[in-house]
Amino acid sequence: DTAVSQTPKYLVTQMGNDKSIKCEQNLGHDTMYWYKQDSKKFLKIMFSYNNKELIINETVPNRFSPKSPDKAHLNLHINSLELGDSAVYFCASSPRTGVDRQQFFGPGTRLTVL
Amino acid sequence: RKEVEQDPGPFNVPEGATVAFNCTYSNSASQSFFWYRQDCRKEPKLLMSVYSSGNEDGRFTAQLNRASQYISLLIRDSKLSDSATYLCVDDRAGGSYIPTFGRGTSLIVHP
């Protein structure tokens, strides 16, 4: 059983297109995240949702819009894709509180914008 | 934004060697840290939590030095399979459960 799943795994698209990435977790966690890992491997948080509510919104262009229909799902929609959006996008989940608030990551979505 | 700094390496060591990585953090109020391991083209996975009293799991030991604001990871008797990137995380670098990852330290264990 996959704890955190993402679709699609690979996404190749043209500049200017709109695309979505879906994420689901079956761990019962309250908090979900989106991260971007660029070509230099730097993993940066983009958004965090707790029980369907946005709690973190880092400096991300408003072309990126997260949506959480329920606490098990956090989707990422990207409008007007740019070359610089090419990266690996990871979804993750964790308990909201607690000492051992480890994060469980999905397998990643490798986005290439041509 | 409070930062988390790591030496990117790579650390190139022979099998059986002991290797240590440090990770500095800038938020003196931070209390919760982790080490993650990321293999090439894979997602990060938790390696171990870092407790105030230190934490040991087999060949791996994690320690926290609050006075100097760094955490460390020691790997003893390195195996080829330890080759990966090791990421440290300050779980509250942003002050409110905003996890911040370091850039990662690359380890290459060779025969």
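Asp82(B) and Ser78(B) form no side-chain donor-acceptor contact under 3.5 Å, judged by distance and modelled atom types alone.
If you measure heavy-atom distances from Phe104(A) to chain B, you find no contacts under 4.5 Å at all. In this structure, chain B has heavy atoms under 4.5 Å from both the backbone and the side chain of Gln103(A).
Under the 4.5 Å side-chain contact rule for hydrophobic residues, Phe60(B) and Val19(B) share a cluster.
Note that CE of Met48(B) and CZ of Arg37(B) are 13.5 Å apart. Values are rounded to the nearest 0.5 Å.
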Verdict with supporting geometry, Tyr49(A) and Tyr33(A), ring pair (Phe, Tyr, Trp, His ring centres under 6.0 Å): CA-CA 6 Å; Tyr49(A) 269 72; Tyr33(A) 310 83; over 10 Å; no

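Interface check for chain A: of the options Gln38(B), Lys45(B), Lys42(B), Arg41(B), the most heavy-atom pairs under 4.5 Å are formed by Arg41(B).
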